[in-house]
Amino acid sequence: MSDDIRRNMALFPIGIVMKLTDLTARQIRYYEQNELIQPARTEGKQRLFSFNDVDRLLEIKALIEKGLNIAGIKQVLQMQEPAVAPSEITVTSEAKRKELSEKDLHQLLKQQIMYRNASRYGEDALIRGELSRFFH
DNA sequence: GTTCTAACA
DNA sequence: TGTTAGTA
């Protein structure tokens, strides 16, 4: 698993990331403010992005083009990273179920659908694409 | 020349 | 989101 550290190595400045992602510096910085990405910083406070950061930005870009807002992208992204087990996203007891609001139930439903798809096809952008319609 | 933050004729 | 100002 040493490939992971390579993908997370902070390598390129914002200028290169702009060309790699076709995003403006403004957008990249804006997404960072909204915690969609967390690039490293040099001593001089300049951002340094890793391959993972670039991949993440490409995903964000795809979702933006699908018409999602920051809030929607956050949710889609959060369901990716934490490879939550089914038990964690399943409503366990009746008591617990009663405490959930309608909004929570929808959120839970989306997570479960996402997990099933991820289990069958393994991870992929297509899954996000399908799921994105829930966040319009 | 590049990047950063803050702000808006 | 664009863009500009003043820096580092």
Side-chain angles (χ1 to χ4, degrees):
Chain A
M1 283 296 170
S2 184
D3 183 54
D4 216 83
I5 93 172
R6 246 167 287 177
R7 295 204 154 186
N8 282 308
M9 285 198 293
L11 300 175
F12 12 73
I14 199 167
I16 292 177
V17 178
M18 288 174 68
K19 296 176 182 177
L20 260 37
T21 64
D22 280 304
L23 290 170
T24 65
R26 177 78 164 84
Q27 289 177 298
I28 296 172
R29 294 178 184 129
Y30 180 67
Y31 301 151
E32 181 191 25
Q33 275 184 33
N34 286 280
E35 302 175 279
L36 265 38
I37 53 172
Q38 37 259 230
R41 294 282 187 138
T42 66
E43 294 179 16
K45 288 198 170 183
Q46 291 197 189
R47 274 165 270 251
L48 284 184
F49 303 78
S50 66
F51 281 102
N52 280 334
D53 289 326
V54 175
D55 281 348
R56 205 179 172 77
L57 283 170
L58 288 173
E59 294 172 4
I60 293 170
K61 181 191 167 195
L63 292 172
I64 284 291
E65 293 174 336
K66 285 251 176 191
L68 300 218
N69 54 36
I70 279 69
I73 295 176
K74 262 188 191 176
Q75 297 180 55
V76 175
L77 254 37
Q78 286 185 350
M79 286 185 272
Q80 313 252 245
E81 304 262 320
V84 286
S87 61
E88 296 180 64
I89 59 177
T90 299
V91 178
T92 53
S93 67
E94 286 299 313
K96 180 76 176 183
R97 191 176 314 226
K98 290 177 182 177
E99 296 173 13
L100 299 173
S101 67
E102 286 295 298
K103 182 180 178 183
D104 291 330
L105 286 175
H106 278 293
Q107 172 65 21
L108 224 50
L109 210 55
K110 283 180 281 190
Q111 290 184 317
Q112 298 186 325
I113 292 171
M114 168 60 104
Y115 186 81
R116 286 200 214 98
N117 288 330
S119 297
R120 288 181 195 145
Y121 314 115
E123 66 204 16
D124 197 60
L126 285 179
I127 298 173
R128 294 167 216 134
E130 286 301 310
L131 215 77
S132 68
R133 80 182 91 168
F134 289 112
F135 302 102
H136 277 300

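Numbers restart at 1 for each chain; the letters A, B, ... are given by sequence-line order, proteins then strands.
- In this structure, the NZ atom of K19(A) is 11 Å from the C1' atom of dT2(B), given to the nearest Å.
- Atom CD in E65(A) sits about 15 Å away from atom C1' in dT1(C), given to the nearest Å.
- The interatomic distance linking L23(A) (CG) with dT1(C) (C1') rounds to 12 Å, in whole Å.
- Look at CZ on R26(A): it is 8 Å from C1' on dG2(C), rounded to the nearest Å.
- The partner of dT2(B) is dA8(C), by the rule that a Watson-Crick or G-U pair needs both atom distances under 3.5 Å.
- Residue Y31(A) places at least one side-chain N or O under 4.0 Å from the OP1 or OP2 atom of dT1(C).
- Contact of the L63(A) side chain with the L77(A) side chain is registered, since non-hydrogen atoms from C-beta on lie closer than 4.5 Å.
- Environment of CZ in R41(A): crowded, with over 12 heavy atoms of neighbouring residues, nucleotides or ligands closer than 6.0 Å.
- Rounded to a whole Å, the CZ atom of R41(A) is 16 Å from the P atom of dA8(C).
- Considering only side-chain N and O atoms, Q27(A) lies under 4.0 angstrom from the phosphate OP1 or OP2 of dT1(C).
- The CD1 atom of I37(A) sits 12.0 Å away from atom CG of N52(A), with the distance rounded to the nearest 0.5 Å.
- Nucleotide dT5(B) holds its P atom 16 Å from the OH atom of Y30(A), rounded to whole Å.
- The side chain of I14(A) lies closest to dC4(B) when the candidates are dT1(C), dG2(C), dC4(B).
- The separation between E32(A) atom CD and dA6(B) atom P is 12 Å, rounded to whole Å.
- Shown here, dT1(C) forms no base pair; nothing in the strands shown gives a Watson-Crick or G-U wobble contact with both key distances under 3.5 Å.
- No path of Ile, Leu, Val, Met, Phe, Trp and Tyr side chains, each step under 4.5 Å between heavy atoms, connects L48(A) with L36(A), placing them in separate hydrophobic clusters.
- Tested against L23(A), the residues L57(A), I60(A), I14(A), V17(A) include a single side-chain contact (heavy atoms from CB on, under 4.5 Å) partner, L57(A).
- Here dG2(C) presents its P atom at 11 Å from CD1 of I64(A), a figure rounded to the nearest Å.
- Among the heavy atoms of the strands lying under 4.0 Å from G15(A) are primed sugar atoms or P, OP1, OP2 only; no base atom is included.
- Among the heavy atoms of the strands lying under 4.0 Å from R29(A) is at least one base atom, whether or not backbone atoms are also near.
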